[in-house]
There are 2 protein chains.
Amino acid sequence: MEDLLRQQIEKIVKLTDEEFAFVLTHFTQRQFKKHQYVVQGGNAAPNDYFVLKGLLKSFYLDESGKMHILQFAMEDWWISDPQAYHNKTLATLNIDCLEDTSTMYISIDNREKLCADLKKMEYFFMKKTTAGYIALQRRILSLMSQKADERYHQFISLYPSLLQRLPKALVASYLGISRETLSRISAV
Amino acid sequence: MEDLLRQQIEKIVKLTDEEFAFVLTHFTQRQFKKHQYVVQGGNAAPNDYFVLKGLLKSFYLDESGKMHILQFAMEDWWISDPQAYHNKTLATLNIDCLEDTSTMYISIDNREKLCADLKKMEYFFMKKTTAGYIALQRRILSLMSQKADERYHQFISLYPSLLQRLPKALVASYLGISRETLSRISAV
DNA sequence: AAATAAGCGTGATCTATATCACATCAAACC
DNA sequence: GGTTTGATGTGATATAGATCACGCTTATTT
C-alpha cells in the first residue's frame, strides 16, 4: 500500500529500498471515516496527508458561514492547510472526508528532518510545490477570465473520474458558483 | 545594489561572502525601460527576475483580448512566467514594465545548478515557493468569497505603497473587476 | 418500514457587476 | 505650444449569476 507513495516519489527521484524505508519512518498511517474531520479551523494542523484511498475536501467557511472549497484530494493526492502546516499556526481551513479514507501523513517537523537528511526528498517536495503553484495560478486565471459554464466544462475534462464521486453542489462550490447555476449548465 | 538580493536571501539562510559571490555568478543584470516587454506570450521565458528597482506586471490575454493581471512586482519581488520557467515551455503570460526597471535574473538552468551545488539555496527557493503557494491560495479564497469592494479594501491595506504607483485600471484588472466598478468604490 | 436527510432540477425574482457612452483633466509627445 | 494619449469619474442600461422557494427522488438512519 505504501507502494503508491513510493511510485509517486520515484516519478521525480529514484530511491533505493533503504532510502525508501528511511522515508517511511517519517510517515504515519491513519484511517478516517466518511464525514470525519481531519483538520478543523482554529486547531493546529501540523500534518500533510497523502491519500492512499478515499476522498477528502479542504474548505474555508466565510463570516456568513458559506463554504468555499479549495481542494479535493483522492488517491495519490496530498492535502493539508498549507499555511497552518508550513508556518506552524492554527488552521483557518477545514478538511473532512467525503468517503472512508486511508492516509499516510508526515508532520512538518518530520518533513524538515527528512529534507535535511535526504536532499533528494527536498528536491521532490520542491517539484511538488512548484507544480502546485503553477496549478493555483491557472485556477486564478480561470476564476478571472472564464464564465461559470466554461469553468465547469474545464473541470469535467480535467477531472472526469473525480466528478463521478462528487455531489454537484460540491463541484459548484469548488468552481465558485451556486449549485442552482451549475445545475442549469448543460454537461455537454 | 546586489545587496538587496543578499538581504532577501539572508532573511532565510545565512551566507558567507564567498557563498554569496558564488550565488551571484549565477545571476545576470539587466535593465528595461518603461513599456518594454520582458516576457512575451509564445516565446521562451527561461528567466526568473528579481527586481532591484522599478515596477512590472505579468498578465494573461484571453481569447477576447482582455487583459488579466496575475502579479505586480516592485523592488525586492520576483517575477516570471512560472509554468514556462519551470517546465521549459513557451510563455502563456506576458510581462512588461510599468516603470524603468533594473533586475537581476537567474535562468532555470543556472538555478538548477545553483541548487545542486549549494543546498542552502534550494532551501531558500523552497521557502520562497511555499510562501508564494500560500499567497495564491489566499487570493483564490478572496476571489471566491469576497465582493469587489472588500477585495479592493484588502488590496489597499495589503499594498499601500504599490497602490500609489499603479493606475486604478490595473488594480481593477488584478482584482478581477472592471475599472468603472472600482472607480465607484469609496477608497475608505 | 417508516422517517429523515441528501441530492438534484427548475421557476421566479433580485442584485452586483459588466458594458456602453461621455466628459474632464493631466501627462506625454511632436 | 498645441495635440494626441492616458487616467479617472459617472450616468444609463444590460446580464450573469445569486438567492429564494418548491417538488421530486434516492440514500441513510432508526
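Side chains included, hydrogens not; waters and symmetry mates left out as well; all remaining heavy atoms used. Keep in mind that what you see is a predicted model, and the values were worked out from it rather than measured. Naming convention: chains lettered A, B, ... in sequence-line order (proteins, then strands); numbering from 1 in each chain.
The two residues B:Y133 and A:P82 have their closest heavy-atom pair at CE2-CG, 3.6 Å. When all heavy atoms are compared, the tightest approach of B:S161 to B:M74 is OG-CE, 3.5 Å.
Within residues 166-186 of chain B, the residues approached by DNA chain D to less than 4.0 Å at the level of any non-hydrogen atom are B:P167, B:K168, B:A169, B:R179, B:E180, B:S183, B:R184, in residue-number order. Near DNA chain D, defined here as any heavy-atom distance below 4.0 Å, there are no residues from residues 149-164 of chain B.
Counting heavy atoms from C-beta outward, A:I140 and B:I140 have side chains that approach closer than 4.5 Å.
Taking atom CG of residue B:L143 and atom P of nucleotide C:dT17, one finds them 12 Å apart after rounding to whole Å. Protein atom CG of B:D62 is 14 Å distant from nucleotide atom P of C:dA18, rounded to whole Å. Atom-to-atom, NZ of B:K66 to P of C:dC20 comes out at 10 Å; the value is rounded to the nearest Å. The distance between atom NE2 of A:H35 and atom C1' of C:dG7, rounded to the nearest whole Å, is 12 Å. Taking atom CG on B:L98 and atom C1' on D:dG6, their separation rounds to 13 Å, with Å as the unit. Distance NZ (A:K34) to P (C:dA6): 10 Å, rounded to an integer number of Å.
Using bins of under 30°, 30° to 60° and over 60° for the plane-to-plane angle, the ring pair A:Y105/A:Y49 lands in the tilted bin. The aromatic rings of B:W78 and B:F50 are tilted relative to each other, their planes meeting at an angle between 30° and 60°.
Linking Ile, Leu, Val, Met, Phe, Trp and Tyr residues whenever their side-chain heavy atoms come within less than 4.5 Å leaves A:L55 and A:L4 in two separate clusters.
B:D149 has no carboxylate O lying under 4.0 Å from a charged side-chain N of B:R184, or vice versa, which leaves the two without a salt bridge.
A:K120 contributes a side-chain N or O that, together with a main-chain N or O of A:K14, makes up a donor-acceptor pair within less than 3.5 Å.
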